[in-house]
Number of protein chains: 2
Amino acid sequence: MHSYTEENYLKAIYRLSNKTDKGVSTNSIAERMETKASSVTDMLKKLSEKKLINYKKYQGVTLTKKGKQVAVSIIRKHRLWEYFLVEHLNFNWDQVHPVAEELEHIKSELLIERLDEFLNYPKYDPHGDPIPDKEGNFPIPSRIKLTEMSKGQKSVILGVMENAASFLQYLDKLGLNIGTEVKVVEKHNFDNSIDLLINNKQTVHVSHEVARNIFVSN
Amino acid sequence: MHSYTEENYLKAIYRLSNKTDKGVSTNSIAERMETKASSVTDMLKKLSEKKLINYKKYQGVTLTKKGKQVAVSIIRKHRLWEYFLVEHLNFNWDQVHPVAEELEHIKSELLIERLDEFLNYPKYDPHGDPIPDKEGNFPIPSRIKLTEMSKGQKSVILGVMENAASFLQYLDKLGLNIGTEVKVVEKHNFDNSIDLLINNKQTVHVSHEVARNIFVSN
DNA sequence: ATTATTTTTTAGACTTATCTAAAAATATTT
DNA sequence: AAATATTTTTAGATAAGTCTAAAAAATAAT
């Protein structure tokens with residue numbers, strides 16, 4: 001069907017598409033895939049021939065319906081496996097990504113349906129990212145960035161934008177996890193950092209950079 | 001580390017080694033891998049350079065200690081995944097092989113250790129094949145072929161030698177599964193077929209070809 | 001022990017995905 | 001708008017794994 005590599009390109013293009021409404025540039029793909037622009041161009045031609053992307057030279061690319069379907073199905077597999085690893089094999093949330101990166105390419109349809117059933121159709125992965133269903137529909141998330149909360153407001157952490165292990169470990173250290181209750185005690189204008197009261201117990205200080213990578217319930 | 005393809009060659013050589021005490025021939029590998037002898041030769045050179053096999057031109061190959069370790073670890077992963085698929089995802093025993101064939105190449109050490117723990121350290125896969133432990137040691141099997149049973153003897157089915165889906169489905173139809181109690185009612189000399197009483201209920205007739213692919217407890 | 005057959009290896013070509021270096025197109029600056 | 005800089009594409013090479021066709025070695029047959 002599609003090669004491991006093709007699937008990874010489609011996934012990368014999908015992710016980048018969500019950040020702009022224009023076409024995705026060759027360089028941005030190269031950067032994300034940690035490869036060279038010339039390699040990207042070669043692959044774009046191939047994906048275009050397979051009708052997985054819309055591609056005109058120098059114009060940037062968008063996914064076709066078919067391409068989007070493939071991308072979403074890979075993301076679905078990735079997140080279901082992450083959920084499995086954390087819930088059943090006792091992985092930490094900062095350990096699952098590289099393993100799921102491999103598991104997401106296992107081909108069997110039956111496997112992923114049965115896994116979904118076994119896990120009881122989870123809606124969010126361990127990082128709080130939404131898991132699309134079999135038809136490719138995402139659960140409607142009602143969440144805002146932590147930076148958008150106002151002073152005195154209370155909320156619950158739903159997920160993160162950045163999945164790097166180092167970031168997740170830092171959050172663990174601060175005591176910030178999925179489900180943690182937070183209240184904005186103070187917002188500092190000079191650097192946009194925030195003082196948070198967590199679970200009505202201790203207070204922690206988070207930088208703007210950290211806060212903008214955390215989603216809370218709305 | 002080792003490529004998907006290298007791992008498959010090592011697995012094939014390991015399996016073939018168990019059938020002869022001489023070195024494994026190029027042609028036999030080619031047949032098993034459904035590839036051409038010339039491709040096999042190329043790969044043998046590569047595996048030899050990596051010290052995974054002992055190879056001298058025209059002589060046939062054997063696995064080195066290192067090569068055997070890799071092969072056994074792949075088999076371990078394959079069988080643990082098969083067990084998972086049948087026990088937790090409700091796969092039938094004739095559906096698991098192709099999926100496990102992919103899953104066995106997932107690299108994470110932690111994954112397979114945790115999976116083993118989650119499954120409660122099973123000793124046999126759904127086909128009755130022994131699962132080596134982390135150190136590569138197989139459980140000592142005490143089993144004989146169904147063809148070796150004598151008239152009147154009672155026993156329990158422990159496993160099969162042939163894993164083709166069509167064969168497994170045929171066994172299902174006959175009512176023969178892992179754990180099924182069988183008693184040899186009659187052995188027919190002219191074609192070596194056997195009449196079996198299963199679970200003290202119905203009697204079935206199995207050909208020599210079928211019987212020699214079934215393992216029973218000793 | 002020579003010939004014939006089978007097995008195995010070599011040589012050269014193809015495919016997929018990658019790279020470097022250079023050319024072409026687009027964007028930015030003055 | 002001309003010059004400069006950036007982005008993207010092309011051309012040609014490389015590595016892994018495969019293939020066909022032919023050569024070399026080993027085995028079997030007369």
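The sequence lines fix the lettering, A, B, ..., with proteins before strands; numbering per chain opens at 1. Just so it is clear, the values below take in all heavy atoms, side chains as well, and ignore hydrogens, waters and symmetry mates.
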(request) For A:Asp191 and A:Ser193, test the side chains for any donor-to-acceptor distance below 3.5 angstrom and give the result as yes or no. (result) yes
(request) May I ask you to evaluate whether B:Tyr55 reaches the phosphate of C:dT8, defined as a side-chain N or O under 4.0 Å from OP1 or OP2? (result) no
(request) Whole angstrom is fine here: how far is it from NZ in A:Lys45 over to P in D:dT9? (result) 8 Å
(request) Return the value, rounded to whole Å, for the distance between atom CD of B:Glu49 and atom P of D:dA15. (result) 13 Å
(request) Indicate whether the side chain of B:His78 and that of B:Asp125 have a donor and an acceptor atom separated by less than 3.5 Å. (result) no
(request) Identify whether any heavy atom of B:Thr5 sits under 4.0 Å from a base atom; if not, whether one sits that close to sugar-phosphate; answer base, sugar-phosphate or nothing. (result) sugar-phosphate
Between protein and nucleic acid, restricted to nucleotides 19-21 of chain D and to nitrogen or oxygen atoms under 3.5 Å apart, what atom pairs and distances do you find?
{"residue": "D:dC19", "atom": "OP2", "partner": "B:Thr35", "partner atom": "OG1", "Å": "2.6"}
{"residue": "D:dC19", "atom": "OP2", "partner": "B:Lys36", "partner atom": "N", "Å": "3.2"}
{"residue": "D:dC19", "atom": "OP2", "partner": "B:Ser39", "partner atom": "OG", "Å": "2.7"}
{"residue": "D:dT20", "atom": "OP2", "partner": "B:Lys36", "partner atom": "NZ", "Å": "3.1"}
{"residue": "D:dT20", "atom": "O4", "partner": "B:Ser38", "partner atom": "OG", "Å": "3.0"}

(request) Could you tell me whether a side-chain N or O of A:His97 sits under 3.5 Å from a main-chain N or O of A:Ala164, the two making a donor and an acceptor? (result) no
(message) By the 4.0 Å heavy-atom rule, please label B:Tyr4 as base, sugar-phosphate, or nothing.
(response) nothing
(request) Grab the CD-P distance between A:Gln59 and C:dT26 for me, whole Å please. (result) 7 Å
(request) Using whole Å, report how far CG of B:Asn27 lies from C1' of C:dT6. (result) 9 Å
(request) Give me the ring orientation class for A:Tyr14 and A:Phe138: parallel if the planes are under 30° apart, tilted from 30 to 60°, perpendicular past 60°. (result) parallel
(message) Without decimals, in angstroms, what is the distance between A:His2 NE2 and C:dT16 P?
(response) 14 Å
(message) Do A:Met161 and A:Arg212 make a side-chain contact, defined as non-hydrogen atoms from C-beta onward lying under 4.5 Å apart?
(response) yes
(message) Name the residue from A:Leu119, A:Leu103, A:Val96 that meets the side-chain contact (heavy atoms from CB on, under 4.5 Å) definition with A:Trp81.
(response) A:Leu103
(request) For B:Tyr9, answer base if it contacts any base atom (sugar-phosphate contacts may also be present), sugar-phosphate if it contacts only those atoms, and nothing otherwise; contact means non-hydrogen atoms under 4.0 Å. (result) sugar-phosphate
(request) Map A:Lys57 and A:Met33 onto DNA chain C by nearest heavy atom, then report which one ends up closer to the 5' terminus. (result) A:Met33
(message) ring pair (Phe, Tyr, Trp, His ring centres under 6.0 Å), that's the test. Do B:His205 and B:His188 meet it? Break it down for me.
(response) CA-CA 10 Å; B:His205 181 87; B:His188 303 287; 5.6 Å; yes
(request) Taking only heavy atoms on the protein side, list every residue of residues 16-26 of chain A lying under 4.0 Å from any atom of DNA chain D, sorted numerically. (result) A:Ser25, A:Thr26
(request) Could you state the atom-to-atom distance from CG of A:Leu44 to P of C:dT16 in whole Å? (result) 16 Å
(request) Could you please spell out the steps behind the ring pair (Phe, Tyr, Trp, His ring centres under 6.0 Å) verdict for A:Phe84 and B:Phe84? (result) CA-CA 12 Å; A:Phe84 170 71; B:Phe84 170 71; 5.3 Å; yes
(request) Nearest whole angstrom, please: distance from the C1' of C:dT16 to the CD of A:Glu7. (result) 15 Å
(request) Give a yes or no on whether the backbone of A:Phe167 and the side-chain of A:Glu162 come within a donor-acceptor separation of less than 3.5 Å. (result) no
(request) Rounded off to whole Å, could you give me the CD-to-P distance for the A:Glu31 and D:dT8 pair? (result) 11 Å
